[in-house]
S.K.: 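Dropping a structure here in structure tokens format, bear with me for questions.
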Amino acid sequence: MRPSPISGPIRQIGYVVPDLESALQSWLAAGVGPWFVLSNLTQRAQYRGSTCEVNCSIALANSGPLQIELIQQHDDTPSVYTEFLADGEGFHQLAYWPEDFDAALDAVEKAGWPVLWRGGEDSGVPYAYVEPPGGPAAVIELMELNDVTRGLAQLVGDAAESWDGSTDPIRAMN
């Protein structure tokens, strides 16, 4: 077995869903929340080597130290999300947040992991989805750990830690 080209803890588990509202209700019923929702975002990326722009909504919550992300794409533009949904919905990615994003991306590329999707540079939070050989997820996300991601992780984590299970379960962020 080859050693992994990435290191550090898994910070997030991501799900691609066809209906964000329904998915939120399912997670709330399981006691996970509160959810922070970014609606109708435009994501620009390189998808399998071509420029791609999609409209999606993202929701974030924590369960203990692990962040959970729900992603719904609103259009039918070919993307890493529509590709996944063609085979079903649900668990999509594990995410690592390296401080040196470029070095981590270089390491997975040198290990032969294809880069399926790369974006976020325009928002100050570069990220990429790479395809690991043989799992454990459809994709592995690398997202740069910087002041923006630290701040958002702190906000979501602190809210989950102090949440009473019912107050303000869905919180719009835009």
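The shown structure was predicted, so the numbers you read here are calculated from the model rather than taken from an experiment.
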S.K.: May I ask you to check whether over 12 heavy atoms, not counting those of D164, lie within 6.0 Å of atom CG?
M.R.: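 Yes, CG of D164 has more than 12 neighbouring heavy atoms, counting only those of other groups under 6.0 Å.
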S.K.: Are side-chain N/O atoms of E144 and T149 paired as donor and acceptor at under 3.5 Å?
M.R.: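 No.
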S.K.: Is S123 reaching over with its side chain to a backbone N or O of G120, donor-acceptor style, under 3.5 angstrom?
M.R.: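 Checking the backbone N and O of G120 against the side chain of S123, a donor-acceptor pair under 3.5 Å is found.
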S.K.: Hey, does V156 have a side-chain heavy atom less than 4.5 Å from the side chain of E161?
M.R.: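 They are not in side-chain contact.
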S.K.: Do you reckon L94 sits in the same ILVMFWY cluster as V130, going by side-chain contacts under 4.5 Å, direct or chained?
M.R.: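 They do share one cluster, since a chain of ILVMFWY contacts under 4.5 Å joins L94 to V130.
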S.K.: Within this structure, what is the OG-CG distance for the pair S57 and L38, rounded to the nearest 0.5 Å?
M.R.: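 Here the rounded value is 8.5 Å.
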S.K.: Membership question, hydrophobic clusters at under 4.5 Å side-chain separation (ILVMFWY): are F36 and V125 in the same one?
M.R.: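 Linked within one cluster.
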S.K.: So, the side chain of W113 versus the backbone of K110: is there a donor-acceptor pair under 3.5 Å, distance only?
M.R.: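 No; zero donor-acceptor contacts below 3.5 Å.
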S.K.: Honestly curious: do Y96 and I58 fall in one hydrophobic cluster under the side-chain, below-4.5 Å linking rule?
M.R.: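 Different clusters.
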S.K.: Check side-chain contact (heavy atoms from CB on, under 4.5 Å) between D168 and all other residues, then give those that pass, not counting sequence neighbours.
M.R.: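 D168 satisfies side-chain contact (heavy atoms from CB on, under 4.5 Å) with R171 once adjacent residues are dropped.
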S.K.: Within the 4.5 Å heavy-atom criterion, are V37 and M173 side-chain neighbours or not?
M.R.: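 Counting from C-beta outward, V37 and M173 never come under 4.5 Å.
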S.K.: Please name all residues satisfying side-chain contact (heavy atoms from CB on, under 4.5 Å) with D102, sequence neighbours left out, ordered by chain then number.
M.R.: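 Per chain and number, D102 pairs via side-chain contact (heavy atoms from CB on, under 4.5 Å) with D100, R118.
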S.K.: Grab the two heavy atoms, one from F101 and one from L142, that are nearest each other, plus how far apart they are.
M.R.: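 Shortest heavy-atom contact: CE1-O, 3.4 Å.
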S.K.: Given L66 and R11, is the side chain to side chain contact (heavy atoms under 4.5 Å, CB included) satisfied, shown in steps?
M.R.: CA-CA 6 Å; L66 184 65; R11 302 288 189 120; 6.0 Å; no
S.K.: Atom CG of residue position N40 - does it have more than 12 heavy atoms of other residues, nucleotides or ligands inside 6.0 Å?
M.R.: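 Yes.
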S.K.: If only atom types and distance count, is the side chain of D75 paired as donor or acceptor with the main-chain N or O of N55 below 3.5 Å?
M.R.: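 At least one qualifying donor-acceptor pair exists.
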S.K.: Do Y127 and Q43 meet the criterion of a side-chain donor-acceptor pair at a distance under 3.5 Å?
M.R.: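 Present: a donor and an acceptor within the cut-off.
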S.K.: Any link between W97 and L105 through a network of hydrophobic side chains (Ile, Leu, Val, Met, Phe, Trp, Tyr) touching at under 4.5 Å?
M.R.: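 Different hydrophobic clusters.
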S.K.: Shortest non-hydrogen contact from I170 to Q25?
M.R.: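 Closest approach of I170 to Q25: CD1-NE2, 3.8 Å.
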S.K.: Once side-chain contact (heavy atoms from CB on, under 4.5 Å) is applied, do any residues pair with A160, and if so which ones, sequence neighbours excluded?
M.R.: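 So A160 forms a side-chain contact (heavy atoms from CB on, under 4.5 Å) with N62.
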S.K.: When rounded to the nearest 0.5 angstrom, what is the spacing between CG in L24 and OG in S22?
M.R.: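 Reported value, rounded in 0.5 Å steps: 9.0 Å.
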S.K.: Do you know which two heavy atoms are closest between G90 and F84, and how far apart they sit?
M.R.: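 Closest pair (atom of G90, atom of F84, distance): O-CE2, 3.5 Å.
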S.K.: Quick one: are Y47 and E83 in side-chain contact, heavy atoms under 4.5 Å?
M.R.: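 Yes. Closest side-chain heavy atoms under 4.5 Å.
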S.K.: Check side-chain contact (heavy atoms from CB on, under 4.5 Å) between Y15 and all other residues, then give those that pass, not counting sequence neighbours.
M.R.: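 side-chain contact (heavy atoms from CB on, under 4.5 Å) check on Y15 returns I13, V17, W27, I68, L70, F91.
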S.K.: In terms of side-chain geometry, is the basic nitrogen of E99 or R150 positioned less than 4.0 Å from the acidic oxygen of its partner?
M.R.: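 Answer for the salt bridge query: yes.
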S.K.: Is any side-chain heavy atom of Q93 less than 4.5 Å from a side-chain heavy atom of I140?
M.R.: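 The answer is no; the side chains never approach within 4.5 Å.
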S.K.: In the structure I gave you, are the side-chain heavy atoms of L85 and P18 within less than 4.5 Å of one another anywhere?
M.R.: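 A side-chain contact exists here, since the closest heavy-atom pair is under 4.5 Å.
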S.K.: List for me each residue that meets salt bridge (Lys or Arg N to Asp or Glu O under 4.0 Å) alongside D122, sequence neighbours excluded, and say none if there are none.
M.R.: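 By the salt bridge (Lys or Arg N to Asp or Glu O under 4.0 Å) rule, D122 matches R44.
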S.K.: Do the side-chain N and O atoms of Q46 and T51 include a donor-acceptor pair separated by under 3.5 angstrom?
M.R.: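 Distance-only check passes for Q46 and T51.
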S.K.: Spell out, as yes or no, whether a donor-acceptor pair under 3.5 Å connects the side chain of Q72 to the backbone of L20.
M.R.: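 Yes; at least one donor-acceptor contact below 3.5 Å.
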S.K.: What do the steps show when you test E141 against E69 for side chain to side chain contact (heavy atoms under 4.5 Å, CB included), and what is the final call?
M.R.: CA-CA 12 Å; E141 180 182 12; E69 178 182 39; 3.9 Å; yes
S.K.: Which atom pair, heavy atoms only, marks the closest approach of G31 to W163?
M.R.: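 Reported closest heavy-atom pair: O-CZ3, 3.9 Å.
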S.K.: Examine the side chains of Y81 and Y129 and answer whether a donor and an acceptor come within less than 3.5 Å of each other.
M.R.: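 Per modelled atom types, Y81 and Y129 side chains form a pair under 3.5 Å.
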S.K.: Linking I/L/V/M/F/W/Y whenever any side-chain heavy atoms sit under 4.5 Å apart, do V108 and M143 land together?
M.R.: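 No, separate clusters.
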S.K.: Would a 4.5 Å heavy-atom cut-off, applied to side chains only, mark L145 and P98 as touching?
M.R.: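 Of all side-chain heavy-atom pairs linking P98 with L145, none is under 4.5 Å.
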S.K.: Check whether any side-chain heavy atom of Q73 lies under 4.5 Å from a side-chain heavy atom of S79, and answer yes or no.
M.R.: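 The answer is yes; the side chains approach within 4.5 Å.
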S.K.: Do the side chains of R48 and V115 get nearer than 4.5 Å, heavy atoms only?
M.R.: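 Side-chain contact under 4.5 Å: no.
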S.K.: Considering non-hydrogen atoms only, spot the tightest contact between P34 and A159 and give its length.
M.R.: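 Residues P34 and A159, closest heavy atoms: CD-O, 3.6 Å.
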S.K.: Tell me, please, which residues at least two apart from E131 pass salt bridge (Lys or Arg N to Asp or Glu O under 4.0 Å).
M.R.: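 So E131 forms no salt bridge (Lys or Arg N to Asp or Glu O under 4.0 Å) with any residue.
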